[in-house]
Structures are given as structure tokens and as C-alpha cells.
Amino acid sequence: MEYNFREIERKWQAYWATNETFKAENTSSKPKYYVLDMFPYPSGAGLHVGHPLGYIASDIFARYKRLKGFNVLHPMGYDSFGLPAEQYAIQTGQHPEITTRTNIARYREQLDKIGFSFDWEREVRTSDPAYYKWTQWIFIQLFNSWYNIETDKAEPIATLIEKFEHKTIPFSEDASKKWDDLSDKEQSDVLLNHRLAYLSDTMVNWCPQLGTVLANEEVKDGVSERGGYPVERKLMKQWSLRITAYANRLLNDLDGIDWTESIKEAQRNWIGKSEGTSLVFDVDQFEGEQIEVFTTRPDTVFGVSFLTLAPEHELVQKITSAAQRKEIEEYMLFAKNRSERERMADVKKITGAFTGAYALHPFTKQKLPIWIGDYVLAGYGTGAVMAVPGHDSRDYAFAKNFSLPILEVVAGGDLSKESYDAKEGKIINSDFLNGLEVKDAVKKAIAVIEEKGLGKGKTNFRLRDAIFGRQRYWGEPIPVYYKEGIPYVLPERELPLLLPEVDKYLPTETGEPPLARAKDWKYKDQYEYEYSTMPGWAGSSWYYLRYMDAFDSYTFADRHAIDYWQNVDLYIGGAEHATGHLLYVRFWTKFLYDLGLIPMMEPAKKLINQGMIQGMSSFVYRIGKNIFISKNRIGTALSPEELKQTGLEKNDPNVTPLHVDVNIVNNNVLDVEAFKKWRDEYKDAVFILEDGKYICGSEVEKMSKSKWNVVSPDDMVDQYGADALRLYEMFLGPLELSKPWNTNGISGVSNFMRKLWRLYHNGDAVNISNEPATKEELKTLHKTIKKIAGDIESFSFNTSVSNFMICVNELTDLKCNKRAILEPLAIIIAPYAPHIAEELWSRLGHKETITYAEFPLVNESYLVENSFNYPVSFNGKTRFFQEYDLSLTKEELEKVILTLEQTQKYLEGKAPKKIIVVHNKIINIVV
RNA sequence: GCGGAUGUGGCGUAAUUGGCAGCCGCGCCAGACUUAGGAUCUGGUGCCUCACGGCGUGGGGGUUCGAGUCCCUUCAUCCGCACCA
């Protein structure tokens, strides 16, 4: 009987499903292991072969851990709130929930075909009210919490109110005021300044085309990541989460987790901690007005030759002199109308204007001109900088452009050419800092600044609070209502606040979000509901917890389940979430930890980022209307027949490359008949061939429908089987690297599958011998076990596939059909190719599935002779010695052909401990 | 500009972590078989050379008996951040 993967795979997938083989229990005497994939957004396009890459890797690991005796949690779900379903709803009027449900069904079908060992009973969907009830609940906890800097953790807001009542923390500049004297609205406003979820007027990235605000990481190069629409800055009342309170912990705790350095660096970068000091400058002629700046280089304070304010700085209007007013106003208008995108595009272009006002140097009391310039960002630090053109390249460029003085205060550079930014050298021209090294001068300067009350040592972060509202329909409603302008969160018993039905998924005529169209909200007449919904990342920030106890309706996840499963042990997903999801999920984890709801401070111990699988696009080259020329015939002379056939007078050098469906191209050879049928317009296509074939061009591009380079996993499974697909995806290369998909290579894996099958069969019959295995067979097996176990544990899944092939090749050569070999082989291959492994396992006579088998251990004794084996030539013969082999006598050693003088000296009168031999030559002897 | 990664045959890759570079697979070449196929099997395949032999892990330098692997330097490609004071 031949290897019939279709039947085998169908059989075992059905078996696993009916027997709930991969159901994970929340209690077990076995050690636990939690393997998690980043759950997908179920898009309408379905999965392409790139999507399952990470899932296959995690599935291999999960199955391996089960065989190693672990109680494994390996769940899957859907991040099912999101923009595409809503865009589709706007276009078609179809409820996003219907779209989403259809897409999920399609995803499930595709995933099932690949034979994953997910515990589907624990499936979560972020758009399911039973799930988002708890997303809303966590939001409420955030609203009801504040960050206590003293204890360095989040606490219930009541503890803050208590401190306000006892005035241990001031809540107002007026010290005589009592907390209870404040009106409800005033109290609410004060508390909003402390709550971890708060409402404020914030500069947001507004995308008019999408009709919503976007997070910083959703904006790339000034346009929206999705759709590529322009984004503008706009002041809006918005819900935000105070992630900045966690900046330090998010930064420091990176050291304790096993994530790739690139992700950790990206997060460090994003958090952007910088240490320095604030410093105030008095404004000349304006009694009491001060400009506060932040600097990381207080050592260069004597090099300040002007100040630059952001155009939006609040003092600009006030201090601008009459003479300069016109210029300043023109510049402010220019800066305002310059979009974010334009500003980024010409970073090199230096613009600014002089206010006419002067600041006084805090030490020298010199007059320093105050300028405005859009190289200073309103959103960072204080929106004002002390310009030190001698030692900051941006200030230098500005000074050069506007002919402002450049002072040298750190020795070592040549300021006539460029600024000297390096943080090393001796301080000069700087009064009390003279002669100090930069590092010491920084400390001294801060000390003096603090002592004189001019400023304070300070840490700044680049990280901004996370804007939490979206003016969108398809998201979790924010569970807030307003009474007399004061926001209140819904009581827990009212959760979930269901996403209401609306007549249209568009903003209202008055520009309010779609939720303003809601009709069936329970207290619609009594209160005003919040109309924005939560951003896409809300549901994904805690989903790993819900898998632990997916059906709980009393709490987000049962405490016992959380205590049992703890962190994710292995998390696999794309690197594109580095500063989005992966930061937010850490933030929520820390917050829930602070409230004592979970025992861990980090969501995932180990993170692996699988690389992207790109598409290999194929091109045909069109000349004229329906004439296609083979790649290497472009520009060559045409034969008389070809001229006749095409009706051309000569070859046309103007070719139009067109994407062609990769499924009708094999090894760059176009199936011309299939091409004619592919599209009606090509049915009369004429081809100019080379060697009787049409050769296509190819290029690596992102897999997408429009490029006709999408390869679907379903097609691969149909043609080669799920096991072959699994093996091939792993075989393609290191998991973390991006690589193009190339269907050609899968035939190698497919051959391997048949060879493996044949190993257990003789013709149609199962052919297994119970004879003891030979030493050689055992060596092959144990070598393979050792390699496979090592490969899996170091996530080198690609080399495992090679190792299986080597093993099967060797056993085929040995004609090995011994149970003692083939039984363990079925187990070690099971994580990779579970269907065939199960089938072989049952054909070996086992009643239980392979999931309950034990991964075999290596018996090193079969491998010893393989370990350190060096040929040594002496007496004209070659003998093999192990590194620790001391069997040579001194006399024998002297007969060994020694090629290195250096080695010989060791020999004099000493017994050797270790000989190191390479290339039949002794190269070192340890005595 | 800053940070992270990657450079090995025609291609995807491997190298017990400092020990005979190129395992395994694709492709290609030759042969066998044949119900002529996009099938299967066998053998070969880094480059130069008829050969002896030489050269080879992006380039240059270094450490070492020995370097794809460690150090310095340089180039190329990809990814992330970017006027962050």
C-alpha cells in the first residue's frame, strides 16, 4: 500500500477532534508548559503559506513538550475586532460580526487541515461579549487606579483620595483648600490627572480618511499604516492610558526576559529614557516670566548662545516684540500648516524666526536671543531647548543658518567645520566647570543647578501615554457614561456594555463616532454614553490570561488557573509588534500584578519572532497587444516563422512586465495552455519561446493577491499533505529569517515522506521485525534522537528535517525494519509530521495515540566512538585515537609522525595526557 | 544619524560552537527502467586545471599549531527608530 496522506490525515484529524486528544487540564501532576502563538486577525483573504510558519514551529514545540512529559497549554483564538471588517461593513452594510464570523470559519478550516494540536475548547475571540466584558472590566480597573510613585506601583484611587483628604499629597496650588470643599467636577478633574485611564485634551494623530485617531505606531512616515492615508495633528478630548507611569519598569524588566535583542532594543528605543536636568532661564524685560528647558548636557551650559522654543510654546505670543511680531506670526502659520509628513520629509531644511526677546543666562546673566524653530518639538521635554551650537549638531545647523554665535566649551573638536557632540573631552571657557571631564562636569553642573534652585535633575521619556479611544464602530465600547460633564465608569453588573446596533457604520452628520447612532442603549435617556471604542490592541493585551480559563463568567480568569499556568513559556509571533502589542501586553500584565490579580510581572518568558515568508512573483513580458516574449528572447532577433506568427516586423524592445499567477508557472516555465485559460483576454495569446518553452521573470515581493504570488496552504496540503507542508515550512530555513516561498523544493520533502513510509512496509504489508537492532542501526537512531532533541530545544527546526532525511536514508541503506529502531523513530518525528507518525505508530500495534508516548532518551554509549575520533598515522598505519586516549606509550608516540616542532618539545621526557590530531598530523599534545 | 540583524556553491541551507567547509534538499549532468512522466531508482555535481595541484565562507588586517566561527577594520543588503535637546 502506498503512502496515502489524504486518507491518513483525514483519519487522524478526526480522531484527535473526537477524542479531544489535546485538551489541557488546569491541574496536573506533570510540570506545566505554556506555548502561545500571536493570535491572528481573521482577514477576508484567508491564510497564505506564510501565516502558519510560526504556528507550525510552536506546534512542534508543544507536541515535543507533551512527549517529554509536560502538561502543555497550546491554545488559539482570534483578534477579531479590527478595521478591515468595518471598512467592509461601510461599503456593503453587512454587519462586521457576520464578516468576522465567516472569516473565522474559513481560518479554522484552513488551520485544521494543517493538523495543529490546539486545545480548541479554549478558543477566545476578542469581539465576543463574553470576552470583551473583561476587557471593559480591566479598563474600569485602570480608571479606578493611580500610580503611586512612592510604592512604585498602581493602587486603588481611594488611597489617593485619602492622601488628598489628609493633604499628604497636594491637589491644588491653594494650600488652604480642603478636598471636600471641591465640587464634584473639580474633584473629577483632579483625579483624572492621576487615573491610569484618563480623559484629556491631547494632541492626536487624526486620520480624516479613516475618520479616527491613530496610535504612534500605527503611523509610518506621516501616513496611516493601514491604507496609507495622510495623518494630521489635532487637539482632541481623548481617553488615554498612563503607560508612561510604567516606563521605568517596562525598561528595566527587559533585562530579565529571554526575548531577542532586536525587540528589546526596539522597546528601549521606544521608551527612550534620557537623563538630564531641567534649567530655567529668566526672560529679560518680562518680570517673573521663565523658560524651562530640559538638557542632557548641563556640562555645556556655558556654551549656550540662544534658546529655541517650539512654535506652539505658550510663551511665544507674550514675549514676541512688536518689530518681530509679523515675522513670528508668519512662521507660526507656516509651521502649523506644514504637515507632519512634510516636516519629516525635509528634516534638513532649517527654518525658524527670532522673537525679538532675550533670555538671561542663569550664570553669566548674558542676554541670549530667543528663537522659535520647528526642530524643537512641543511634545517632548518642555518644548524649549537651550541651544549649544558648539556641541549639538542641530543647534549648530540652526546657528550657522541664522548666523548666531558658536561657543566652544568642550575641547577636542573643530567648530569651524562641525559641532563636537562627543561626550568626552575637557571642559573649557566654563567658569566653575573648567578642566573637568564631561562626565564629571555633568554631575557638578547638576549639583550647582540644584543648589541654586535653577532646576532639578530629571529623567525624560520619549514614550507617550497611549491614546485609548477610536472613533470607530467595530471595537469594545468604552464602558463610560457622563453626568454633568463628569465621566463615570459603568458598575460591574452592567458589563458587558454591548456593542449596539446602528443603522450605518459611519460617523454622524455632526461628526460624532458611529456609536452615537446607537438606539438600544439601556440608559440612553438618562446618561450620555461614551461614543468611542477601544483601540485594536486592547483585547490582545490580556488574551493570554483568558486562555487559562476561557469560560469564566465570574472573573477574567480563575486565580487558581493563573497560579498554575503562570507566564507564557514560549511565545511565537511576528516582530512587527515590537513597540505595539508586545509593549502593551507587558504594561497590562504589570498593572494586573500591581493590583494583586496575577502573580507574574511579565507575560512571556521567551519570545521568538518568526521571519516573514515572502512571495516569489512571476512575470510575463508583453510586447504589442497579445504577444508574450520569453524572458531571454527580449531584444533578440525573431525568426521568420515568429515574425509571421506574431505579425510583427521586428522584435519590439518595449516590453511590459505583467504579474502572472504563480500557480501556472513551474521553475519559471510558464504553462502556456493554462495561461490562455487563465484570463479570457489571453485566450488568443501568441508566444515567442526559447528552447520551446516560455521562461518567466521572477522577483521576491510581499505575498499579496494583487501580485498573483499567493500560495495557499490548502493547495499544498491537497497536493503534498499536511505533514509535507509542515516539514517543508521548517526546512525552508531558520525560523527567524525572512525568506521567499518556493514550491519547487517541497518535492524533496515529499520524497522523504514516501521513503519513511516504505521503511515500515514491504509492498502493501506492514513489515516490522522484532529482532534486536544492530549496533549500527542503534547508532543511527541515537544520533538522530540526540540531534532532534537538540534542534527542537534550540529552535533550529530546519536542521531537524535534514537530520530526519539522513536518518531515513541510512536506515534504508541498512534495510532496517526493526521495531527497536522504527518505534522510537515514529515518536521523534511525531512533532513534525504528526499524521504519518500516528498512522505508523498504530500500525506498529499501539492502541493509544502517540501523544501519550515518551520521547526516547539518548543512549550515549552508542555514540561514543563518534565523539572524539582522530586518525593518527604511525608505523605506516592509521589508527584512531580519542582525545582522552592514553594508550600510547612514550616509545610509540615518538614513532608518530610529528610535523610540528612546537609539538615535539612537549614530548621530551613527559607522558602525554591528551593528543590533538588533525589531518593525520599531531598538532598538539597536552602533557 | 542611532540601534538591531544578515553576508558560505547555480539556489534554500549545514558545520558537534575554534578542529578535514559545503551535511540535507532543490536544480543540473550521466545512466537504468519504463504503460514516455512534472514518475521511480543509481551515480556524479564548490571554483580553476586534461592532470599534478591550486583557490575558496562579502573585502582587508590580526590572534592561534589551526578561523566560516574569536578580535579590529571596511563594504553590501534587510529591518526598526529618527530634529527626543
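Protein chains get the first letters and strands the later ones, always in sequence-line order, with residue 1 at the start of each.
Here Ser262(A) lies in heavy-atom contact (under 4.0 Å) with sugar-phosphate atoms only. Heavy atoms of Asn803(A) sit nowhere under 4.0 angstrom from any nucleic acid atom. If you check every strand for non-hydrogen atoms under 4.0 Å, Val388(A) touches nothing. Contacts of Thr308(A) with the nucleic acid, taken as non-hydrogen atoms under 4.0 Å apart, are absent. No engagement by Pro740(A) is indicated, since no non-hydrogen atom pair under 4.0 Å with the nucleic acid exists.
Here, rU57(B) and rC47(B) have their C1' atoms 13 Å apart, quoted to the whole Å. To the nearest whole angstrom, the two C1' atoms, one in rU16(B) and one in rU69(B), are 13 Å apart.
The CG-P distance, from Leu732(A) to rC11(B), rounds to 16 Å in whole Å. Rounded to whole angstrom, the span from the CE atom of Met753(A) across to the P atom of rC24(B) amounts to 20 Å. Remark: P of rC81(B) and CG of Leu463(A) are 14 Å apart, rounded to the nearest angstrom. Atom CD1 in Ile271(A) sits roughly 15 Å away from atom C1' in rG80(B) (whole-Å rounding). Taking atom NZ on Lys400(A) and atom P on rC83(B), their separation rounds to 24 Å, with Å as the unit.
If you check rA82(B), rA85(B), rG25(B) against the side chain of Asp392(A), the one that comes closest is rA85(B). Of the candidate nucleotides rU40(B), rA85(B), rG4(B), rG4(B) has the atom nearest to the side chain of Glu261(A). With rA85(B), rG25(B), rA14(B) as the candidates, the nucleotide lying closest to the side chain of Asn809(A) is rG25(B). Distance from the side chain of Trp270(A) is smallest for rA82(B) among the nucleotides rA85(B), rC26(B), rA82(B).
Put simply, the residue from Asp791(A), Thr784(A), Asn798(A) that forms a side chain to side chain donor-acceptor pair (under 3.5 Å) with Asn803(A) is Asp791(A). Each of Leu463(A), Thr459(A), Asn460(A) was compared with Lys273(A) under the side chain to side chain contact (heavy atoms under 4.5 Å, CB included) criterion, and only Thr459(A) meets it.
In this structure, Arg754(A) reaches the rU40(B) phosphate: one of its side-chain N or O atoms is under 4.0 Å from OP1 or OP2. For rA14(B), one of the phosphate oxygens OP1 or OP2 lies less than 4.0 angstrom from a side-chain nitrogen or oxygen of Asn798(A). One finds no side-chain N or O of Tyr375(A) lying less than 4.0 angstrom from the OP1 or OP2 phosphate oxygen of rA85(B). Dashed line: the shortest gap from a side-chain N or O of Asn751(A) to OP1 or OP2 of rU40(B) is under 4.0 Å.
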Identify the pairs formed between an N or O of the protein and an N or O of nucleotides 1-3 of chain B at a distance under 3.5 Å, and give each distance.
from: rG3(B); atom 1: O2'; to: Glu265(A); atom 2: OE1; distance (Å): 3.3

List every contact pair, protein side and nucleotides 31-38 of chain B side both N or O, where the distance is under 3.5 Å.
from: rG38(B); atom 1: N2; to: Asn666(A); atom 2: ND2; distance (Å): 2.4
from: rG38(B); atom 1: N3; to: Asn666(A); atom 2: ND2; distance (Å): 3.3

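Base-pair partner of rG19(B): rC65(B) (Watson-Crick or G-U wobble, both distances under 3.5 Å). Base-pair partner of rU6(B): rA76(B) (Watson-Crick or G-U wobble, both distances under 3.5 Å). As the counterpart of rG1(B), rC81(B) is assigned, both hydrogen-bonding distances of the Watson-Crick or G-U wobble pattern falling under 3.5 Å.
One N or O on the side chain of His391(A) and one on the backbone of Val410(A) form a donor-acceptor pair closer than 3.5 Å.
By the 30° and 60° cut-offs, the orientation of the rings of Trp741(A) relative to Tyr728(A) is perpendicular.
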